[in-house]
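Structure below; questions to follow.
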Amino acid sequence: MKAAETAPLLNKSAHQAVAKKQSQFIRSLKKYKLLLLMTLPGVVYLFINNYIPMYGVILAFKDLNYAKGIWGSDWVGLDNFKFLFNSDTAYVITRNTFLYNFAFIILNLVLALFVALTINEIKDKVISRFYQSTFLLPHIISMVVVAYLVYSFLNAESGLVNRLLAKWFHVDPISWYSEAGYWPYILIIVNAWKNVGYLSIIYFASIIGIDKEFYEAATIDGASKWKQMTRITLPLIAPIITTMTLLSVSGILRSDFGLFYQVPMNTGALIPTTNTIDTFVYRAMVSSGDIGMSAAAGFYQSAACFVLILVANWAVRRINKQDALF
Amino acid sequence: MQRKNILNTSMIHLFFWIFTIVSLVPFALIFMVSITDEDSIAANGYSLFPNKISFAAYSFLFNDFSEIARAYGVTIIATVVGTTVSLLITALFAYPLSRQGLPFRRTLSFYIFFTMLFSGGMVPWYMTYVNMFDMKNTLISMIVPNLLLSAFNVLLMRSFFANSIPESVIESATIDGASEIKIFFKIVVPLSLPIMATIGLFNTLSYWNDWYNCMLFIDKAELYNIQYLMTKTLTNIQYLIMKSSSSAQAGDLLAKMPRETVRMALAIVGIAPLLFAYPFFQKYYISGITSGAVKG
């Protein structure tokens with residue numbers, strides 16, 4: 001009897017709560033309608049620039065015929081992918097992209113941390129600023145300019161490296177732009193040159209954010225500089241290291257198109273060691289006009305990156321929830 | 001102990017001086033090459049300490065400046081328009097996201113965050129702009145695709161707004177009867193000049209340095225921007241004059257062209273504005289990067 005009486009009552013109050021929530025929602029919509037309108041340009045832009053192209057992944061499963069349009073073109077199932085993976089191209093570009101990024105992540109992290117830790121030892125603010133500014137200079141220029149800089153060192157006839165090699169070691173000129181074997185080293189050095197300064201400033205920023213009291217206490221306890229570094233500084237900046245590394249690991253199948261296209265000056269002879277997924281996608285689309293395979297490679301890259309980022313994030317969440325990206 | 005410290009400090013400085021030199025030498029090299037005499041390069045190659053100085057490369061470039069001037073013009077228009085619009089829509093998107101009570105706040109945040117996780121790839125992206133919007137060979141194609149709004153910048157700005165604009169300021173302005181638009185432009189923006197300067201600078205750099213959009217969307221030489229003109233000239237030195245002069249003139253000019261040095265002179269002309277401006281903006285740039293590092 002009692003239960004029967006309370007049930008409709010509960011229902012009623014639940015109903016009221018829902019209605020109240022709804023009216024609250026409408027009220028807040030009204031209150032915030034201008035703010036919502038403000039986001040509109042950005043929402044529309046992202047829709048065009050990012051969301052419509054996501055729809056376009058169906059291109060990877062079609063044989064594009066311009067006359068019929070994207071929708072009208074024939075489905076070919078997984079043919080584009082079969083073609084891509086049956087040649088050894090897929091393997092080579094994946095290997096290149098992966099190994100380059102792997103080398104970049106390790107080398108840049110070590111160098112940048114070293115620079116950040118040592119620059120922290122400089123007490124003179126003016127000179128420290130000066131160093132930071134010069135280290136950042138390579139980061140603000142475009143890859144086109146980097147290509148010029150590399151060319152001025154490496155071109156066969158008048159490049160500085162060949163001239164110095166000849167002068168000091170009597171080595172015959174090396175034609176750098178036709179020997180694919182040198183390029184893994186060259187690109188790793190160029191990438192470090194361009195990015196270590198930038199990374200080190202990010203790490204340096206989080207080092208100066210550390211509370212000075214930790215170090216004072218440690219000094220009183222007689223901890224050496226090395227001990228302070230390994231027991232205080234590194235653990236406290238571990239979150240930012242994790243975040244940065246996580247970001248680069250999840251992009252391990254993406255590559256800086258400029259670095260791999262501009263810096264080797266799109267030289268055919270260097271393609272075996274400079275071709276990455278991104279340059280392949282571009283060349284397949286522009287030079288050979290193979291839209292299907294190009295789209296398939298692009299889709300493969302995006303999907304693999306998406307999975308990677310989820311896995312990396314999951315792994316970090318398990319270790320320390322707060323360091324995860326989401 | 002004292003002596004050991006001095007030794008350590010000088011080791012650190014030595015290391016940093018080497019690092020500084022490594023950062024600067026490539027720039028010095030192309031500059032020195034650009035002012036070297038062409039014959040001396042044929043004999044000795046590129047050198048940081050040229051035997052004979054000559055400004056022939058620059059006088060060659062400035063003799064017919066039209067090609068470069070046009071490329072500069074395109075770059076400047078794209079940079080000014082792009083930076084302004086980009087800054088505006090970034091702020092307009094970031095500010096509402098920083099407000100606690102905003103309906104759909106989580107949805108909008110996810111909407112922007114997801115673009116950092118997944119993309120359709122280059123081919124459909126390219127076709128969207130070329131086939132749907134017909135942007136091939138337009139100035140807009142150097143402004144809009146990819147560069148206009150970066151999810152990362154929005155998130156950076158959002159956390160600045162959330163952390164440095166006190167909720168109470170906005171509340172009291174609302175009580176005084178100010179509209180949201182007024183609050184945004186009269187209170188929020190003036191209080192956020194540091195982040196505005198930072199994001200504006202990031203945008204300016206990415207527009208000034210862009211060659212990718214130009215390479216993809218532009219076939220007409222009149223619309224090339226300075227970076228792309230530099231790309232073309234690096235792989236094909238004749239490019240500089242072939243496009244701007246009639247063929248009879250071109251042959252003549254080609255013969256007289258100081259080939260090696262003119263290339264480097266063009267590179268200097270291309271990066272000079274950036275290098276000159278750098279001392280003035282490096283302060284903001286560094287603080288911008290640093291604020292990006294602090295996770296919000």
Side-chain angles (χ1 to χ4, degrees), chain A residues 25 28-29 32 34-36 38-39 41-42 45-46 49-50 52-54 56-57 59 118 121-122 131-138 140-142 144-145 147-149 151-152 158-160 163 197-198 201-202 205-206 209 240 243 257 262 265 281-282 285 291 294-295 298-299 301-302 306 309, chain B residues 12 15-16 19-20 22-24 26 29-30 33 41 45-46 89 92-93 95-96 99 101-103 108 111-112 115 117-125 127-128 145-146 148-149 179-181 205 209 211-212 227 230-231 234-235 260 264 267 270-271 274 278 282 285-286 289-290 293-295:
Chain A
F25 180 71
S28 79
L29 265 189
Y32 286 104
L34 268 177
L35 284 177
L36 282 172
M38 281 163 79
T39 65
Y45 176 72
L46 289 179
N49 193 70
N50 298 75
I52 295 180
M54 285 181 200
V57 294
L59 274 176
T118 39
E121 297 299 315
I122 294 176
Y131 289 144
Q132 291 173 45
S133 305
T134 49
F135 299 166
L136 260 185
L137 203 53
I140 66 160
I141 56 167
S142 72
V144 177
V145 176
Y148 269 88
L149 300 176
Y151 175 84
S152 69
S158 31
L160 190 67
R163 290 289 171 154
Y198 168 76
I201 283 171
I202 291 181
S206 51
I240 186 80
T243 311
F257 181 82
Q262 294 282 10
M265 290 163 67
V281 169
Y282 174 76
M285 181 175 102
I291 305 281
S294 178
F299 179 66
Q301 181 186 37
S302 287
F306 186 62
I309 204 166
Chain B
I12 289 173
F15 168 72
F16 281 122
F19 200 159
T20 302
V22 168
S23 302
L24 296 182
L29 180 63
I30 60 168
V33 172
I41 284 190
Y46 296 172
I89 69 173
L92 286 178
F93 203 153
Y95 171 63
R99 294 283 297 273
L102 186 85
L108 282 170
Y111 181 75
I112 192 158
T115 64
L117 298 183
F118 188 76
S119 77
M122 180 201 156
V123 181
W125 172 79
M127 290 184 73
T128 305
N146 239 0
L148 207 52
L149 185 69
S179 71
E180 289 289 358
I181 298 290
L205 278 178
N209 284 339
W211 46 270
Y212 187 71
Q227 301 288 339
M230 282 162 69
T231 311
L234 182 61
T235 41
E260 298 280 0
M264 296 305 158
I271 52 173
L274 209 58
Y278 186 60
Q282 47 90 8
Y285 194 64
I286 293 179
I289 292 177
T290 7
V294 184
K295 221 175 135 195

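Below, chain A is the first sequence line, B the second, and so on; all start at residue 1.
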For B/I41, which atoms come within 4.5 Å of any heavy atom of chain A: side chain, backbone, both, or neither?
both
Nearest non-hydrogen partners of B/S119 and A/S302, listed with the distance
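For B/S119 and A/S302, the tightest heavy-atom pair comes out as O-OG, 2.7 Å.
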Give the minimum heavy-atom separation between B/S23 and A/P138, together with the two atoms involved.
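Closest approach of B/S23 to A/P138, heavy atoms only: CB-CG, 4.2 Å.
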Of the backbone (N, CA, C, O) and the side chain (C-beta and beyond), which part of A/Q301 lies under 4.5 Å from a heavy atom of chain B, both, or neither?
neither
Check whether B/Q227 gets within reach of chain A through its side chain, its backbone, both or neither, counting any heavy atom under 4.5 Å.
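For B/Q227, the contact with chain A is made by backbone and side chain together.
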A/L59 portion near chain B, given a 4.5 angstrom heavy-atom threshold:
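Looking at A/L59, just its side chain touches chain B.
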From the list B/T235, B/L117, B/L108, the residue making the most non-hydrogen contacts under 4.5 Å with chain A is B/L117
Might you point out which heavy atoms bring B/G270 and B/M230 nearest each other, and give the distance in Å?
CA-SD, 3.8 Å
Proximity breakdown for A/Y148 and chain B, heavy-atom pairs closer than 4.5 Å
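When you check distances to chain B, atoms from both the backbone and side chain of A/Y148 fall under 4.5 Å.
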Restricting to non-hydrogen atoms, name the atom on A/A147 and the atom on A/Q262 that form the minimum distance, rounded to 0.1 Å.
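Closest approach of A/A147 to A/Q262: CB-O, 3.5 Å.
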Relative to each other, are the rings of B/F118 and A/F306 parallel, tilted or perpendicular (30° and 60° limits)?
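Rings of B/F118 and A/F306: perpendicular, as their planes differ by over 60°.
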Shortest non-hydrogen pair, B/P103 vs A/L29, comes out as CG-CD2, 3.9 Å
Max heavy-atom pairs within cutoff under 4.5 Å with chain B, candidates A/I122, A/I140, A/L160, A/I309, goes to A/I140
Which residue in the set B/L29, B/I30, B/I271 passes side chain to side chain contact (heavy atoms under 4.5 Å, CB included) when paired with A/L149?
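Passing option: B/I30.
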Distance check, rounded to the nearest 0.5 Å: B/Y46 atom OH versus B/E260 atom CD?
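Output value for this atom pair is 3.5 Å.
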Quick one: of A/I52, A/I291, A/L137, who has the most non-hydrogen atom pairs under 4.5 Å with chain B?
A/L137
Given A/A295, A/S158, A/S294, the one with more heavy-atom pairs under 4.5 angstrom with chain B than any other is A/S158
A/M265 versus chain B, the contacting section by heavy-atom distance below 4.5 Å:
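Both parts, backbone and side chain.
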Atom group of A/F25 that falls short of 4.5 Å from chain B, counting heavy atoms:
side chain
Select, from A/V145, A/V281, A/L46, A/V57, the one with the greatest count of heavy-atom pairs under 4.5 Å involving chain B.
A/L46
Within-4.5 Å side-chain heavy-atom neighbours: B/Y278 and A/S133
yes
Heavy-atom pairs under 4.5 Å with chain A are the metric here; pick the option from B/L148, B/V33, B/I89 that has the most.
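Going by pairs under 4.5 Å, I would pick B/L148.
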Chain A contacts, top residue of B/F93, B/Y95, B/Y285, B/Y111 (heavy-atom pairs, under 4.5 Å):
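When all of B/F93, B/Y95, B/Y285, B/Y111 are compared, B/Y111 has the most.
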B/G121 and B/P124 have their tightest heavy-atom pair at O-CD, 3.5 Å
Given a strict heavy-atom distance threshold of 4.5 Å, which part of A/I141 is in contact with chain B: side chain, backbone, both, or neither?
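It is both, since atoms from each part get that close.
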Less than 6.0 angstrom separating the ring centers of B/F19 and A/F135, yes or no?
yes
Beyond-backbone contact of B/M122 with A/F257, side-chain heavy atoms, under 4.5 angstrom
no
Is chain A contacted by the side chain of B/T231, its backbone, both, or neither, given a heavy-atom distance below 4.5 Å?
both
Let's test your reading of the structure: which of B/I112, B/V22, B/L274, B/L149 forms the most heavy-atom pairs below 4.5 Å with chain A?
B/L149
When heavy-atom pairs shorter than 4.5 Å are enumerated against chain A, which of B/I181, B/I12, B/L102 gives the highest number?
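So the answer, after comparing B/I181, B/I12, B/L102, is B/L102.
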Which region of A/L34, side chain (C-beta onward) or backbone (N, CA, C, O), has a non-hydrogen atom less than 4.5 Å from a non-hydrogen atom of chain B, or is it both or neither?
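The answer is the side chain of A/L34.
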Contacting region of B/L205 [heavy-atom separation from chain A under 4.5 Å]
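Interface part for B/L205: side chain.
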Within a strict 4.5 Å, meaning less than it, do heavy atoms of the B/F16 and A/T118 side chains meet?
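When only atoms from C-beta onward are counted, A/T118 and B/F16 do touch, with a gap below 4.5 Å.
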Of the backbone (N, CA, C, O) and the side chain (C-beta and beyond), which part of B/W125 lies under 4.5 Å from a heavy atom of chain A, both, or neither?
both
